[in-house]
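Numbering of residues begins at 1 and proceeds along the displayed sequence. Just follow the structure's listing: the first ligand is 1, and inside any ligand the first atom is 1. For the numbers below, each heavy atom of this structure counts, side chains included, while hydrogens, waters and symmetry mates do not.
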Amino acid sequence: MITFYYTATGNSLALAKEIGGELIAIPQLADFDQLAYKADAIGIVFPIYSPSAPTEVLQFLSRAALNADYFFAIGTFGNDAGQVMMSVAKFAETRGIHFDYLTQLQTVDNYLPVFEMAEEAATLLPKKTRERTKQIKEDILARRRSTIDFRSAAEIAAVNPAIDPAAAESFLVDERCNLCGICAKVCPAGNVTVKEKVYFGAHCENCEACLHWCPENALHLKEEKSSARWQNPSVKLREIIRANWQDQKK
Ligand SMILES: Cc1cc2nc3c(=O)[nH]c(=O)nc-3n(C[C@H](O)[C@H](O)[C@H](O)COP(=O)(O)O)c2cc1C
């Protein structure tokens with residue numbers, strides 16, 4: 001089994017680790033010309049960014065040649081998953097992939113403009129994230145099916161329409177920044193460069209990894225609910241760097 005994943009704050013990686021199989025971080029495949037994989041089961045775990053999914057996830061589904069007897073897709077989300085998983089399923093069908101098991105896992109919402117992270121962290125228990133994670137793992141290991149009718153879902157493009165080339169302008173770096181470079185290493189898009197200061201490029205995917213993992217809490221959005229941050233407790237910083245850092249591929 002292969003479990004592909006995309007993660008910023010670790011929620012999707014925590015689920016992917018629980019499901020198991022060979023774990024492959026999608027950002028590490030960005031420069032590969034050939035993406036051909038064959039396994040008994042192939043799945044994909046990623047955060048929901050309504051009305052879409054992260055651009056790299058959609059591009060992966062567009063480019064990869066996947067061969068398996070059983071396909072699964074799980075979106076992690078915080079408060080409202082909308083129709084995203086149906087739209088992703090519809091998108092995948094156009095690429096010849098039919099998900100046998102399609103679901104979503106409610107967990108902490110890491111979206112800083114709207115949510116306060118200390119309050120969100122306290123929602124893990126009431127959202128029953130642990131129990132649902134176990135159930136999802138059991139379902140996949142038993143190769144259970146959960147089909148939905150996605151025909152009426154909205155079409156999505158291969159690039160998340162929410163991606164804004166001017167996103168860099170929404171960041172603030174305060175005096176606590178010591179140029180440690182963690183923000184560059186956790187960015188799945190290779191969009192952050194640290195030299196004599198922190199530079200943000202034009203292809204930010206809005207995943208917020210740089211904001212949540214800054215060890216000095218020196219990175220902020222001009223419009224954020226509070227300065228509290230979220231890192232999934234089952235995931236270590238070094239796992240996020242291994243998953244996302246673009247320079248380690250060179
Ligand atoms: C740009 C952005 C958009 C998001 N949109 C939604 C959304 O529409 N609905 C929702 O429930 N959660 C939304 N979230 C929250 C994430 O989907 C959720 O916290 C997810 O588990 C994060 O996964 P990760 O820790 O693997 O990055 C959004 C987060 C970000 C950063």
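Residue Thr9 places at least one N or O, backbone or side chain, under 3.5 Å from an N or O of ligand 1. At least one N or O atom of Ser50 sits closer than 3.5 Å to an N or O atom of ligand 1. Of the N or O atoms in Thr7, one or more lie within a sub-3.5 Å distance of an N or O in ligand 1. Backbone and side-chain nitrogen or oxygen atoms of Asn110 are examined, and one is located within less than 3.5 angstrom of a nitrogen or oxygen of ligand 1. Checked against a 3.5 angstrom limit, the closest N/O atoms of Ile48 and ligand 1 fall inside it. Between Tyr49 and ligand 1, no N or O atom pair is found at a separation short of 3.5 Å.
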Exercise for review: Using the side-chain hydrogen bond (donor to acceptor under 3.5 Å, both in side chains) rule, take Glu116 and Ser226 through it: C-alpha gap first, then chi angles, then the decisive distance, then the call.
Suggested key: CA-CA 6 Å; Glu116 206 286 318; Ser226 86; 2.8 Å; yes
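Both the sub-6.0 Å distance and the 45° axial angle are satisfied by Arg143 relative to the ring of Tyr70. The side-chain tip of Arg63 does not point at the ring of Phe60 from less than 6.0 angstrom away and within 45° of straight on.
One distance of note links CH2 of Trp213 with SG of Cys183; it measures 14.0 Å at 0.5 Å rounding. One distance of note links CG of Asn206 with CG of Leu221; it measures 8.5 Å at 0.5 Å rounding. Phe77 contributes atom CZ, which lies 11.5 Å from atom CG of Asn11 (distance to the nearest 0.5 angstrom). For the atom pair CD of Glu120 and CG of Leu112, the computed distance is 10.5 Å after rounding to the nearest 0.5 Å. For the atom pair CD1 of Ile241 and NZ of Lys236, the computed distance is 13.0 Å after rounding to the nearest 0.5 Å. With rounding to the nearest 0.5 angstrom, the CZ atom of Arg176 is 10.0 Å from the CG atom of Leu219.
Using a 4.0 Å cut-off between heavy atoms, Ala209 makes no contact with ligand 1 at all.
Within ligand 1, counting atoms from 1 as listed, the ones closer than 4.0 Å to a heavy atom of Ser12 are 23 (O), 24 (P), 26 (O). Each of the atoms 21 (O) of ligand 1 lies under 4.0 Å from some heavy atom of Thr107. Of all the atoms in ligand 1, the ones that sit under 4.0 Å from a non-hydrogen atom of Ala8 are 24 (P), 26 (O), 27 (O).
Counting only non-hydrogen atoms, the option in Asp80, Leu112, Asn79 that gets closest to atom 9 (N) of ligand 1 is Asp80. Across the listed options Leu13, Val108, Asn232, Thr129, Val108 owns the non-hydrogen atom lying nearest to atom 19 (O) of ligand 1. The heavy atom nearest to atom 23 (O) of ligand 1, out of those in Ala167, Pro47, Pro54, is found in Pro47.
If you check which protein heavy atom lies closest to atom 1 (C) of ligand 1, you get Asn206 O, 3.2 Å. Distance from atom 21 (O) of ligand 1 to its nearest protein heavy atom, with residue and atom name: Thr76 OG1, 2.8 Å. Among protein heavy atoms, the minimum distance from atom 15 (C) of ligand 1 is reached at Asp109 OD1, 3.2 Å.
Of the residues Tyr37, Phe71, Phe46, the one that meets the ring pair (Phe, Tyr, Trp, His ring centres under 6.0 Å) test with Phe4 is Tyr37.
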